[in-house]
Amino acid sequence: MAREKTVSKKPAGAETAPVEEKTPAAVNVLSEKAAVPAAVEKKAAPAEEKTAGTEKKTTAARKKTAAASKKTAAGKKTTAKRTTAGTKAAPATEEKVAAPVELKAEPVKETAAPVEKKVEPVKEAAAPVEKKAEPVKEAAIPVEVKAEPAKEAVAPVEVKAEPAKEAVAAPAEGKNETGKKKTASAEKTASGAKKAGTSGKKRASAKKAEPEEKKDEPVVTVEETAPVEESAPVNEVSNLPRRSIAFIGSECHPFVKTGGLGDVMYALPRELARLNCDVRVILPRYACIPKEYQDKMVYRGEFYMDLGKTGRNYYVGIMEYIWDGVVYDFIDNQEFFTSGNPYTNLVDDIPKYCFFSKAALAALNYMNWIPDIVHCHDWQAALVPVYLRTLFRDTPVGRAKSILTIHNLRFQGVYNIPTIQYWSGLPREVFGMGALQQNWVDANMLKGGLAYADRITTVSGTYAGEIQTSEYGEGLEDHLRYHSGKLRGIVNGIDYGMWNPETDPALAENYGLGNVLDHKMANKLALQKELGLEENTDKFVIGLVSRLTDQKGLDLVNAIVPQILDGNTQMVVLGTGDKRYEDAFRFYEDAYKGTFSACIQYDEARAHRIYAGADALLVPSRFEPCGLTQLNAMHYGTLPIVRETGGLKDTVEPYNEFTGDGNGFTFDRYDAGLLLGAINRAKTLYFDNRYHWDEVVQRDMDKDVSWELSARQYKDLYLELTQW
Ligand code: ADP
Ligand code: GLC
């Protein structure tokens, strides 16, 4: 897909280098259309792909009643808004220069095998039920603003870099850097993992940082800070030892989301809050965050921070929003975050996320909220562990442990060394082959973070193994193998409050495990009507909700659409991304009117209706670190058809026609014929053996795809790193 390419903020003399970048799949924001900032020149952009992995597999076809829909939300709380924040944006940028973005298009191969199908008319025509989605509302409660002692506006201390030697921190066990004593005892979790329990010694929120005087950091602070009122965590809090965690990442539902990272940044902190974690999520305050949320943010403070070799001090505002026990702190700086889309092109994104990573740590110091763990996500926050052990080492936050989670290894934040040195201000030593250096000319931000993090996680067990191979390692396989001792795979879950067919306001008819068979057809009819497809419950409806990039196996789909559409099947595609896929799907919509629907858009509510109204959901990814759409689908009683790779392999057990076990239909090699075979097996079961199909529908709805187990594994990891 075409992308705007701007450029700017380049150090004089730094050459541009080819870089890869994440496809900005439309930003979630109430129909907001990513307004790409003015650019000097445009270029075609992104692409991506690959993967595979292993882990749990549940099954159990029990009938149970409706899936638990714990968690609600309804965050009320907060806020008095202050308009100030943005007003102090640092002065505008310098000149702009374009840098080529490296593309990796993948050849479309494969041919389709002929489809054999058997159609059996299905009767029952549920009437579509009208229902419109109800916007989630939230009452903003004004908060009083009080002046706060404006001391210690701690900004990063310039420190000498740590030797950037090859190896980095082997699991540092049982160290209490603060010198405080805490007891640790081991106990087992349900999953058998180890965790430290304490004899009632809960750690009081981790605010032991001593304000430090920072000289040479021109920190002008002040302004009042609003003591924001905290909403009580929704559920009971566990009796696990308390830990404080700062989540640092580039997107988070419902503020800004382009893919699964946004879902994880939303759901995992909420689940951790229930596991007795004190969680703060630190995000950029993008201009594209809906006004509804901007209005709820409360001004928390501001300071100025230097950045790299720019010779300037940049405004860092902190805007806060507290919601269901999780504190969201938005780093404000209009110079960096004005874009309508979080990701534009690396020329802008490299400076943006250098600034963000450094500002996030400086903000923790400034707020004097020193977490036990700093948990960073993807390349955009990958410099955080590096900063933590260099420029911030001797500041309060320097005592925190760090975890870096890889959501997608395809994106690494690679640019030439001088540019990253210029913007990050990191010492020369970290630019060695053991950390940031990638080759003679380039630095790789993710690679540096992996070297410096105390632990690395990725989002499924299978992907954790795959990324250590040349097929899926994206060039970092050796580096990952070197650090494999601190690498772990923890599969994602979905938030049962956000994804609950019993209460989902987007659906035509709500349903649960107990009545899915009675109500799912109504959702199918409503979906057909909404999309202009033939309204006929006898049709087998296949959905696809995805970023339209090479990662997602869309060349396989493209190759076999005519064979899939056998007269008894309809297809619905929802997604944005590479132009060639958008165009191909538009073509099919035109060629197969009433049978194929291409929704080239980002539409959260429509995605929910597809999960509910389709019979099956395709996820034929070339690689898939975890994948959430197959989890959403299963939870809505829609059977996944997936390639056995990464988290797809770990979460979808193939249907076994002899035993009747399984959750969906799978294929292994990346081959369009095999995908077609899997689709045909699904059709055969659907049309020839509806009784067994319906059993799988109910089994999938009953499957535990919540965050509960996985969040406990993260908590175990936090405890393992902080055994006091
Ligand atoms: P990835 O993060 O690689 O894009 P995931 O499967 O982890 O893939 O997560 C994708 C998330 O984004 C899911 O919540 C899915 O419903 C959502 N999504 C993807 N494309 C769209 C779209 N066009 N409209 C609405 N939601 C979408
Ligand atoms: C990435 C991956 C996806 C994963 C998501 C959340 O975008 O592509 O597989 O589910 O991150 O972890």
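In what follows, residues are counted from 1 in the order of the sequence shown. In listed order, ligands and their atoms are each counted from 1.
Proximity of the aromatic rings of Tyr321 and Phe330 is defined here by a centroid distance below 6.0 angstrom, and this criterion is not met.
Considering all non-hydrogen atoms of both residues, Tyr343 and Asp349 come closest at CA-OD2, 3.5 Å.
Backbone and side-chain nitrogen or oxygen atoms of Gly260 are examined, and one is located within less than 3.5 angstrom of a nitrogen or oxygen of ligand 1. By the 3.5 Å distance cut-off applied to N or O atoms, Cys626 is counted among the residues near ligand 2. Remark: ligand 2 and His407 share an N or O pair separated by less than 3.5 Å (distance only, no angle test). Residue Tyr611 has at least one nitrogen or oxygen atom sitting less than 3.5 Å from a nitrogen or oxygen atom of ligand 1, judged on distance alone. Any N or O atom pair closer than 3.5 Å counts here, and Trp499 shares no such pair with ligand 1.
Ion pairing between a basic and an acidic side chain is recognised when a charged N comes within 4.0 Å of a carboxylate O; Arg699 and Asp702 show no such pairing. Classification of Arg643 and Asp668 as a salt-bridged pair fails, no side-chain N sitting under 4.0 Å from a carboxylate O. With respect to the salt-bridge test (charged N to carboxylate O, under 4.0 angstrom), the residues Glu271 and Arg712 do not qualify. Ion pair Arg669/Glu644 not flagged as a salt bridge, since none of the NZ, NE, NH1 or NH2 atoms sits closer than 4.0 Å to an Asp/Glu carboxylate oxygen.
Arg410 CZ to Gln551 CD: the interatomic distance, rounded to the nearest 0.5 Å, is 7.5 Å.
Residue contacts with ligand 2: Gln551 is included, with a non-hydrogen atom under 4.0 Å away. Residue-ligand proximity: Gln601 is placed with a non-hydrogen atom under 4.0 Å from ligand 1. Using 4.0 Å as the threshold, Cys626 has no heavy atom nearer than that to any atom of ligand 1. Taking 4.0 Å as the cut-off, Arg606 does not count as a neighbour of ligand 1 on heavy-atom distance.
Atoms of ligand 1 found under 4.0 Å from any heavy atom of Ala607, numbered from 1 in the order shown, are 25 (C), 26 (N). Heavy-atom proximity to Asn408, at under 4.0 Å, picks out these atoms of ligand 2: 8 (O). Interface of Val459 with ligand 2, defined as ligand atoms under 4.0 Å from a residue heavy atom, comprises 12 (O).
At a heavy-atom distance under 4.0 Å, only side-chain atoms of Asn492, from C-beta outward, approach ligand 2. Looking at Ser546 against ligand 1, only its backbone comes within 4.0 Å, counting heavy atoms. When heavy-atom distances to ligand 1 are checked against a 4.0 Å cut-off, Thr629 comes that close through both its backbone and its side chain. Residue Leu261 touches ligand 2 through its backbone alone, judged by heavy-atom distances below 4.0 Å.
Remark: Tyr636 engages no residue in a ring-ring contact (aromatic ring centres under 6.0 Å, His included) (not counting sequence neighbours). A search for side-chain hydrogen bond (donor to acceptor under 3.5 Å, both in side chains) contacts involving Lys524 returns Asp615, Tyr686, not counting sequence neighbours.
Nearest to atom 17 (C) of ligand 1 by heavy atom, out of Lys257, Gln551, Glu604, His608, is Lys257. Taking all heavy atoms of Asp263, Leu628, Leu261, Val264 into account, the minimum distance to atom 14 (O) of ligand 1 is reached by Asp263. The closest non-hydrogen atom to atom 24 (N) of ligand 1, taken over Leu617, Val573, Asp603, comes from Asp603. Among Ser460, Gly627, Ser546, Gly260, the residue whose heavy atom lies nearest to atom 4 (C) of ligand 2 is Gly627.
In summary, the side chains of Tyr714 and His375 do not present any donor paired with an acceptor at a separation below 3.5 Å, with no hydrogens or angles considered. In this model, a donor atom of one side chain and an acceptor atom of the other lie less than 3.5 Å apart for Gln630 and Thr651.
Put simply, the side chain of Ile467 does not reach to within 4.5 Å of the side chain of Glu474, judged on heavy atoms.
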